[in-house]
Amino acid sequence: RYVVNAEDADTLILRRRGVIPFLKSLFGQGEIQVRLAGIDAPEVESHEDDPLSLVRAWEAQAGGSRSTEILNDLIEEHGDNLSLAVSTGRKTYGRYLGVLGGNEDTNLNLELLRRGAVAALPYGSPDTDIVPRHIAQDFENEAFANREGIWAYKRYQAARVASTEIGRPVTFNLLTRLDRMAKDRK
């Protein structure tokens, strides 16, 4: 059994229950980090052991804390019925990619999209999607049309338009990275 905590609305930290695992977790050992597949959440304040901390600015983004609260509420609501399907072969920033399941086989990654807590994020090749990107996009489109969650903010509406215009996602992570924002992309 694991204790499941949300670092932000697209990252879970799993720690084994018990005294020894708890003590190890104080030193950053024994944790499993999972990036929820197919979604991108607004950033919250600095992440523990962030390898990019030296190039970040404006980390706490509008709606980031609220989106994390929504994920924590879903974790609490689905409690003992949580399941996690993880791709052990793929990692992003040291995190496994996975799908969080809840009561009655609810895909909580998609539920976060439906509530407007996160944006759809196609990652890698479509044939390796854990969450089919067209389904994730449909959920985002519905939340966007209803101005749910983050889609009530003009900044996220503008980022969505920019993604469409340039033909690739503008991730929330990118919007905090000075090294990527300052490059001349000719």
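Quick caveat, the model's predicted, so the values are computed rather than measured.
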Got a second to check how far [X]'s [atom1] is from [Y]'s [atom2], nearest 0.5 Å?
{"X": "T106", "Y": "N81", "atom1": "OG1", "atom2": "CG", "result": "9.5 Å"}
{"X": "I32", "Y": "R95", "atom1": "CD1", "atom2": "CZ", "result": "14.5 Å"}
{"X": "L71", "Y": "D73", "atom1": "CG", "atom2": "CG", "result": "9.0 Å"}
{"X": "S87", "Y": "I130", "atom1": "OG", "atom2": "CD1", "result": "4.5 Å"}
{"X": "L36", "Y": "L12", "atom1": "CG", "atom2": "CG", "result": "4.5 Å"}

Exercise. Can D8 and T11 be counted as having a side-chain donor-acceptor contact under 3.5 angstrom?
Worked result: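 Note: D8 and T11 side chains meet the donor-acceptor criterion.
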
Exercise. Do Q137 and N141 have side-chain atoms, one donor and one acceptor, less than 3.5 Å apart?
Worked result: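 Judged by distance alone, the side chains do pair up.
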
Smallest separation among heavy atoms of [X] and [Y], with atom names:
{"X": "I150", "Y": "S67", "answer": "CG2-OG, 3.8 Å"}
{"X": "G98", "Y": "V34", "answer": "N-CG1, 3.8 Å"}
{"X": "W151", "Y": "V118", "answer": "NE1-O, 3.9 Å"}
{"X": "T68", "Y": "A9", "answer": "OG1-N, 3.4 Å"}
{"X": "G38", "Y": "A136", "answer": "O-CB, 4.1 Å"}
{"X": "S65", "Y": "V44", "answer": "N-CG1, 3.9 Å"}

For this session: May I ask whether L121 and V86 are part of the same hydrophobic cluster, defined by side-chain heavy atoms of I, L, V, M, F, W, Y residues being less than 4.5 angstrom apart, directly or through others?
Result: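 Unlinked, L121 and V86 end up in two clusters.
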
Exercise. Same cluster for I13 and I39 if Ile/Leu/Val/Met/Phe/Trp/Tyr side chains link at under 4.5 Å?
Worked result: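 Different clusters: I13 never reaches I39 through Ile, Leu, Val, Met, Phe, Trp or Tyr contacts under 4.5 Å.
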
For this session: Start with the C-alpha distance between I70 and R66, add both sets of side-chain angles, then the distance that settles side chain to side chain contact (heavy atoms under 4.5 Å, CB included), and finish with yes or no.
Result: CA-CA 6 Å; I70 290 170; R66 179 64 189 128; 3.7 Å; yes

For this session: Decide side chain to side chain contact (heavy atoms under 4.5 Å, CB included) for L100 and I75; before the verdict, give the C-alpha distance in whole Å, the side-chain angles of both, and the deciding distance to 0.1 Å.
Result: CA-CA 9 Å; L100 186 61; I75 290 168; 4.2 Å; yes

Problem set entry | All ring pair (Phe, Tyr, Trp, His ring centres under 6.0 Å) counterparts of Y153, not counting sequence neighbours |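 Y153 satisfies ring pair (Phe, Tyr, Trp, His ring centres under 6.0 Å) with Y156 once adjacent residues are dropped.
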
Exercise. Does S163 use its side chain to pair, donor to acceptor, with the backbone of A159 at less than 3.5 Å?
Worked result: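 Indeed, once roles are kept as given, a pair shorter than 3.5 Å links the two residues.
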
For this session: Indicate yes or no for a side-chain donor-acceptor contact from N146 to the backbone of E148 under 3.5 Å, with no hydrogens or angles considered.
Result: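 No.
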
Problem set entry | Verdict with supporting geometry, L14 and E31, side chain to side chain contact (heavy atoms under 4.5 Å, CB included) | CA-CA 6 Å; L14 284 69; E31 295 181 347; over 6 Å; no

Exercise. Is it true that atom CG of D80 has more than 12 heavy atoms of other residues, nucleotides or ligands lying nearer than 6.0 Å?
Worked result: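 Not more than 12 within 6.0 Å, no.
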
For this session: State plainly whether the residues D40 and R35 are in salt-bridge range, i.e. N to O under 4.0 Å.
Result: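 Yes, charged N to carboxylate O under 4.0 Å.
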
Exercise. Checking salt bridge (charged side-chain N to carboxylate O under 4.0 Å, His left out) for the pair E140/R160: CA distance, chi angles, key distance, verdict?
Worked result: CA-CA 10 Å; E140 179 187 301; R160 190 172 195 260; 2.6 Å; yes

For this session: Walk me through it: do Q157 and F144 pass the test side chain to side chain contact (heavy atoms under 4.5 Å, CB included)?
Result: CA-CA 8 Å; Q157 294 169 25; F144 180 79; 3.9 Å; yes

